[in-house]
Amino acid sequence: MAVEKSRRDFIGMAFGGFAAAGGIVALGAMKKTWDPLPSVQSAGFITVDLSPMKEGEVQTIQWRGKPIFILKKSADMAKNEKRDVVAGGSSYSVMIGLCTHLGCIPTWTPSTKQFKCACHGGEFDASGVNTFGPPPRPMDIPPFKIDGTKLVLGEEGPEYKKMVAKKA
């Protein structure tokens, strides 16, 4: 009889051990589902190297599902103290590339040095300020920080805070 009781105890302990191990694995899997996806984590901050850009060139990048326009201003483009970013001795315009009227994506026209929205004829100058048409305000500026010749999107640096305080 003693052998049967110890066998029953062993089966109970083995079952308890497997249940505990299964519970630990289940908790680990639950924690993984609570963590944000790597694509979501990386979408928060993006670093863009501005040094290879040429004057008059517009670079469009994706940040948090929105197009971001970065324009390296040439000497003949009008400067806007309230909206221009200076990095590495050059002047740049950084803006969310969505029309403030209905959210269309304007295109850069190098000949007129303007962003034009094809839907309703809205026009923005090289700094993203609305100059013609239905857009009610300038293009929005994403939060950014300047780190030498690099632009870090998603982090509010002193340059951004100064811009937001000035209001275009």
Could you tell me if the side chain of Val48 sits less than 4.5 Å from the side chain of Ile61, heavy atoms only? yes
Taking side chain as C-beta onward, heavy atoms only, is Phe69 less than 4.5 Å from Ser93? no
Applying side-chain contact (heavy atoms from CB on, under 4.5 Å), run through Tyr92 and Met53 and close with a yes or a no. CA-CA 10 Å; Tyr92 297 88; Met53 288 182 70; 4.2 Å; yes
Interatomic distance, Arg83 atom CZ to Asp125 atom CG [nearest 0.5 angstrom]: 8.0 Å
Taking the side chain as every heavy atom from C-beta outward, state whether Glu123 and Cys117 have any pair of such atoms under 4.5 Å apart. no
Determine whether more than 12 heavy atoms belonging to other residues, nucleotides or ligands lie under 6.0 Å from atom NZ of Lys79. yes
Report yes if some heavy atom in the side chain of Val152 is under 4.5 Å from a heavy atom in the side chain of Ile46; otherwise report no. no
Should Phe124 and Cys99 count as side-chain neighbours, where that means a heavy-atom distance under 4.5 Å? yes
Nearest 0.5 Å, please: how far is CZ in Phe10 from CZ in Phe15? 14.0 Å
Taking the side chain as C-beta and beyond, is there a heavy-atom pair between Ile68 and Ile96 under 4.5 Å? yes
Ion pair Lys73/Asp84, N-O distance below 4.0 Å: yes
Check: Pro142 and Val94 side chains under 4.5 Å, non-hydrogen atoms: yes
Among residues at least two apart in sequence or on other chains, which ones pass salt bridge (Lys or Arg N to Asp or Glu O under 4.0 Å) with Lys54? none
Pairing residues for Lys145 by the salt bridge (Lys or Arg N to Asp or Glu O under 4.0 Å) criterion, not counting sequence neighbours: Glu155
Straight-line distance of Lys113 NZ to Trp108 CH2, nearest 0.5 Å: 7.0 Å
Is there a side-chain contact between Val85 and Ile146 in this structure, where contact means two heavy atoms from C-beta onward sitting under 4.5 Å apart? yes
